[in-house]
Undergrad: 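Below is the structure I would like to discuss, written out as structure tokens.
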Amino acid sequence: MADITVERPATGVDVGPLRERVRGGVIAAADEGYNEARVVHNGMFDKHPLAVLRAEQVADVIAGVNFARDNGLDLSIRAGAHSAPGFGTNDGGLVIDMSPMHGVRVDPKAKTARVEGGATWGDLNHASHAFGLAVTGGIISTTGVAGLTLGGGIGYLDRGLGLSLDNLISADVVTADGKFVTASERENEDLFWGLRGGGGNFGVVTSLEFRLHDVGTVFAGPIFYNIEDASALLHMYSEFIRTAPEQFGGFPAFQIAPPLPFIPENRHGDTLALAVVHWAGPLDEAEKVLKPFHDVAPIVADGSGPLPYPALNGAFDALYPKGIRAYWKSAFAKELPDAAIAAHVEHGSKVPEVSATMHLYPINGACHRVGPTDTAFAYRDANFSMVILAAWQDPTKDAERIQWVRDYYQALTPYSEPGGYINFMQDDDYGKIEDNYRQNYDRLVQVKRTYDPGNLFHVNQNIKP
Ligand SMILES: Cc1cc2nc3c(=O)[nH]c(=O)nc-3n(C[C@H](O)[C@H](O)[C@H](O)COP(=O)(O)OP(=O)(O)OC[C@H]3O[C@@H](n4cnc5c(N)ncnc54)[C@H](O)[C@@H]3O)c2cc1C
């Protein structure tokens, strides 16, 4: 990203007292490293906070929360910095960057992990894989564990193990009054309920405790098809996924073929349909389970095979480097009728960039075994979570890329639920918050009133107290 001349934001707040109270760095506009510290993953958000606090300890987080509250500053909380609406930065306020706190302690006997609030999925998967263990996480290794889990946590393992948040045992939180509390099924139960889906609305999560499961080597990867076979693939998938064994967790997509070695060179740059398959069951059963993906249509390129789970988690990282511009839209769906498939084929065929795609994640199986009011995540009856994502480098393409996403999303609206996944919302989706939370919205407001009545934590998909 080009270096941008920075002027000191005109909030008039002196960050000196904050520097004295913390061990982590406080990076203000005049400090070296400010331009790296202020940016987030999505290059569309070029903001200039008053300062970025790189928290090293819970004590730093407490100091940062108190400082932001007492000075009336906007406060962004950042873990992996992947928020598509750029919530991890702001103009003139404070950012608490949790990324220095990325430690993971695995208890292999109890099959649990304690993960600090700034860790990424790469950090957690690396640590737990040493013991042949994993938990549902996202499909990219650089996404933050905290941000992803607090909104839900959709990934390859969710049909078998539930969402990431379904595996949360407890969380340590610094609340708006600067107090440190633990939330679990046994203490601060209302906060624990709200954290599991309510995003960053209730405080700064300094650590998360997860249940882990036996997941080591999986059989996974992308299988590419001619675009003419996209309809057959989607029809097959919509039936297959209803009853597929729960260790299957893949999804269909559209993509321009990247120049990968397993794709024939003469197909690089072609628009293709694909299925990212994932089988976490016994490896000798993979061939049988994945047979429908081999039978449905001629295969252009097959990149699937056995690989360690963390390798799969990092496989697509290069498509989404830090600073890439991004815009997305998302909705849940219960069914995939013929007309919805036709709309997918029409708009998916126009996918404009290698880093643009549509993913249709399955969220049935274990995700449905948790009740719709048991956690704040409201859509336990949806079978699919669709995300239409454009990511691109050239700022002159902004309008065109955004339009492709909007047109695609619009075409699917008749077949979608009113709400979508909170973690796939864009900055123009604030109007959907009540729909996203449905029956759980009122209780979330109650929890917000208890833990953050002044709405200090408002740089997020905000639940107003
Ligand atoms: C390339 C890419 C791939 C993705 N893949 C998936 C996927 O496979 N599955 C999926 O479910 N989602 C996925 N997402 C969406 C992702 O879940 C959200 O963007 C999520 O908010 C990112 O979390 P983060 O910590 O990286 O982001 P950040 O921008 O750091 O945080 C996002 C928000 O989460 C809250 N937050 C973060 N850390 C804390 C904390 N320690 N305490 C309190 N609140 C906190 C804050 O409100 C913050 O604004 C993906 C996003 C991207 C950009």
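Whatever order the structure lists ligands and atoms in, that order sets their numbers, starting from 1.
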Undergrad: Applying a 4.0 Å heavy-atom criterion (strictly less than), which segment of L150 is in contact with ligand 1: side chain, backbone, both, or neither?
TA: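 Looking at L150 and ligand 1, just side chain atoms fall under 4.0 Å.
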Undergrad: Identify, with sequence neighbours excluded, every residue that meets side-chain hydrogen bond (donor to acceptor under 3.5 Å, both in side chains) alongside Y309.
TA: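 side-chain hydrogen bond (donor to acceptor under 3.5 Å, both in side chains) list for Y309, sorted by chain: empty.
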Undergrad: Of the choices V459, I140, L148, N423, which has the non-hydrogen atom that lies closest to atom 6 (C) of ligand 1?
TA: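 The option holding the nearest heavy atom is L148.
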Undergrad: Any side-chain heavy atom of E187 within less than 4.5 Å of one from F192?
TA: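 The answer is no, as the side chains (C-beta and beyond) never meet within the 4.5 Å cut-off.
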Undergrad: Is G199 in contact with ligand 1, taking contact as a heavy-atom separation below 4.0 Å?
TA: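 Outside the 4.0 Å threshold, so no.
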Undergrad: Do the charged groups of D452 and R69 touch, with an N to O distance under 4.0 Å?
TA: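 Looking at R69 together with D452, the answer is no, because their closest N to O distance does not fall below 4.0 Å.
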Undergrad: Can you classify the ring geometry of W328 versus F424 as parallel (below 30°), tilted (30 to 60°) or perpendicular (above 60°)?
TA: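 Because their plane-to-plane angle is over 60°, the rings of W328 and F424 count as perpendicular.
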Undergrad: Would you say H82 has any N or O atom under 3.5 Å from an N or O of ligand 1, going by distance alone?
TA: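 Yes, at least one N or O pair falls under 3.5 Å.
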Undergrad: Could you work out, for atom 1 (C) of ligand 1, the closest of Y320, Y361, F457 by heavy-atom distance?
TA: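 Considering heavy atoms of Y320, Y361, F457, the nearest to atom 1 (C) of ligand 1 sits in Y320.
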Undergrad: Is there a polar contact between ligand 1 and G88, counting only N or O atoms under 3.5 Å apart?
TA: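 In fact, backbone or side chain, G88 has no N or O that close.
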Undergrad: Quick one: does any side-chain atom of Q255 pair with a main-chain N or O of V354 as donor and acceptor, under 3.5 Å?
TA: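 Yes.
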Undergrad: Return a yes/no value for A79: is any of its N or O atoms, backbone included, closer than 3.5 angstrom to an N or O of ligand 1?
TA: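 Yes; at least one N/O pair falls below 3.5 Å.
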Undergrad: Do H41 and ligand 1 have an N or O pair less than 3.5 Å apart?
TA: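 No, H41 has no N/O under 3.5 Å of an N/O on ligand 1.
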Undergrad: Once the angle between the rings of Y237 and F384 is folded into 0 to 90°, is it parallel (under 30°), tilted (30 to 60°) or perpendicular (over 60°)?
TA: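 Taking F384 first and then Y237, their aromatic rings sit tilted (interplane angle of 30° to 60°).
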Undergrad: So, is A84 polar-close to ligand 1, with some N/O to N/O distance under 3.5 Å?
TA: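 No: no nitrogen or oxygen of A84 is under 3.5 Å from one in ligand 1.
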Undergrad: Taking the six-membered ring of F248 as reference, does the NZ or CZ atom of R159 fall below 6.0 Å from its centre and within a 45° cone about the axis?
TA: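 That pair does not qualify as a cation-pi contact.
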Undergrad: Out of curiosity, is G203 lining ligand 1, as in a heavy atom under 4.0 Å away?
TA: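 Yes, G203 has a heavy atom closer than 4.0 Å to ligand 1.
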Undergrad: Can you check whether I154 has an N/O within less than 3.5 Å of an N/O in ligand 1?
TA: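 Between I154 and ligand 1 (N or O atoms, distance only) the closest approach is under 3.5 Å.
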Undergrad: Can the ring centroids of F457 and Y451 be said to lie less than 6.0 angstrom from one another?
TA: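 No, the ring of F457 stays outside the 6.0 Å limit from the ring of Y451, centre to centre.
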Undergrad: Using a strict 4.0 Å threshold on nitrogen-to-oxygen distance, state whether D394 and R325 make a salt bridge.
TA: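 A salt bridge is absent here (no side-chain N lies under 4.0 Å from a carboxylate O).
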Undergrad: Could you check V39 against K322 for side-chain contact (heavy atoms from CB on, under 4.5 Å), going step by step and ending with a plain yes or no?
TA: CA-CA 9 Å; V39 295; K322 189 168 180 181; 4.0 Å; yes
Undergrad: Do any N or O atoms from the side chain of D317 and from the backbone of I140 form a donor-acceptor pair under 3.5 angstrom?
TA: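 Not at all, since once roles are kept as given, no pair shorter than 3.5 Å links the two residues.
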Undergrad: Has ligand 1 got any nitrogen or oxygen that is less than 3.5 angstrom from a nitrogen or oxygen of G137?
TA: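 No - when backbone and side-chain N and O of G137 are compared with those of ligand 1, no distance drops under 3.5 Å.
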Undergrad: Could a heavy atom of F424 be found less than 4.0 Å from some atom of ligand 1?
TA: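 Yes, F424 has heavy atoms under 4.0 Å from ligand 1.
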Undergrad: Counting non-hydrogen protein atoms only, what is the nearest one to atom 48 (C) of ligand 1? Give residue, atom name and distance.
TA: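 Result for atom 48 (C) of ligand 1: I77 O, 3.1 Å.
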Undergrad: Out of V205, D317, I324, whose heavy atom is nearest to atom 42 (N) of ligand 1?
TA: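 Result: the heavy atom closest to atom 42 (N) of ligand 1 is in V205.
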Undergrad: Would W328 count as a contact of ligand 1 if the rule is a heavy atom under 4.0 Å away?
TA: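 Checking ligand 1 against W328, which is what was asked, there is a heavy-atom contact under 4.0 Å.
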Undergrad: Side chain, backbone, both or neither: which applies to N460 and ligand 1 if a contact is any heavy-atom pair less than 4.0 Å apart?
TA: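 Only the side chain of N460 comes within reach of ligand 1.
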Undergrad: Out of G118, A81, G147, S207, who gets a non-hydrogen atom closest to atom 28 (P) of ligand 1?
TA: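 Checking each option, the heavy atom nearest atom 28 (P) of ligand 1 is found in A81.
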